[in-house]
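First the structure, in the form of structure tokens, and then the observations on it.
For the numbers below, each heavy atom of this structure counts, side chains included, while hydrogens, waters and symmetry mates do not.
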Amino acid sequence: MRLFSSDLFRNFSIGFVLGALLVAGVNAQGWDREFTARAAPMPERVEPSAEFLIAPDKVPQ
């Protein structure tokens, strides 16, 4: 029996895929609530904020 046989890699890959599917399936129940809770309504119109206004200190007349 070889240490790095193809059967060993195949069994590890099958176990990894099954484990990933199991973890995804357990966490999938909370995905719908999590995405809907983060969604926010879009504003009608985006207004610039006064704190980001770039204006010179002295206005020439």
Tell me, which pairs form a side-chain hydrogen bond (donor to acceptor under 3.5 Å, both in side chains) where one or both residues lie in residues 7-26, sequence neighbours left out?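 Qualifying pairs, neighbours excluded: D7-R10.
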Per-pair distances, 0.1 Å, donor-acceptor, side chain in residues 15-22, under 3.5 Å, sequence neighbours excluded:
none

Qualifying salt bridge (Lys or Arg N to Asp or Glu O under 4.0 Å) pairs, either residue in residues 20-29, two or more places apart: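 Pairs touching residues 20-29 that pass the test: none.
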With sequence neighbours left out, which residue pairs that include part of residues 16-26 fulfil the salt bridge (Lys or Arg N to Asp or Glu O under 4.0 Å) condition?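 Every pair satisfying salt bridge (Lys or Arg N to Asp or Glu O under 4.0 Å) with a residue in residues 16-26: there are none.
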